[in-house]
Amino acid sequence: MLRNRVRELRAKHHWTQSDLAERIGATRQTIGMIEKGDYAPSVTLALKIAHVFSVSLEEVFWLESEAKLND
């Protein structure tokens, strides 16, 4: 399962879901679904999210199985 830190990073920047959506060309609903883990973004959208937060893709998204290996 794909996990993410979108909500955490968004809060750190004091952005609403709508703010982030506008910055990456998505809808607020899409951001909400990504944050809940109900939607896996396309590579393009994932890269846009990482770019607006100025972090690597891996700092935003990871596979749950990878997290278990690192514990």
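Atom set for the values below is all heavy atoms of this structure, side chains included, hydrogens, waters and symmetry mates excluded.
Put simply, the side chain of Pro41 does not reach to within 4.5 Å of the side chain of Thr30, judged on heavy atoms.
Checking each of Val52, Leu9, Ile34 against Leu20 for a side chain to side chain contact (heavy atoms under 4.5 Å, CB included) leaves exactly one that passes, namely Val52.
Rounded to the nearest 0.5 Å, atoms CG (Leu47) and CD1 (Ile24) are 11.0 Å apart. Taken from CD in Glu64 to CE in Met1, the straight-line distance is 7.0 Å, to the nearest 0.5 Å. Rounded to the nearest 0.5 Å, atoms OG (Ser42) and NZ (Lys48) are 7.5 Å apart. If you take CD on Gln17 and CZ on Arg28, they are separated by 5.5 Å, rounding to the nearest 0.5 Å. Separating the CD1 atom in Ile31 from the OH atom in Tyr39 is a distance of 9.5 Å, to the nearest 0.5 Å. Here Asp19 contributes atom CG and His13 contributes atom NE2; the two are 11.5 Å apart, rounded to the nearest 0.5 Å.
Between Phe61 and Val6, the shortest heavy-atom distance links the atoms CZ-CG2, 4.0 Å.
Met33 and Val43 fall within a single hydrophobic cluster, where Ile, Leu, Val, Met, Phe, Trp and Tyr side chains are chained together by heavy-atom contacts under 4.5 Å.
For CD of Gln29, the number of neighbouring non-hydrogen atoms (other residues, nucleotides, ligands) closer than 6.0 Å is greater than 12.
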*List the steps, then state whether side chain to side chain contact (heavy atoms under 4.5 Å, CB included) holds for Arg23 with Trp15.*
CA-CA 10 Å; Arg23 284 173 166 82; Trp15 294 344; 3.3 Å; yes
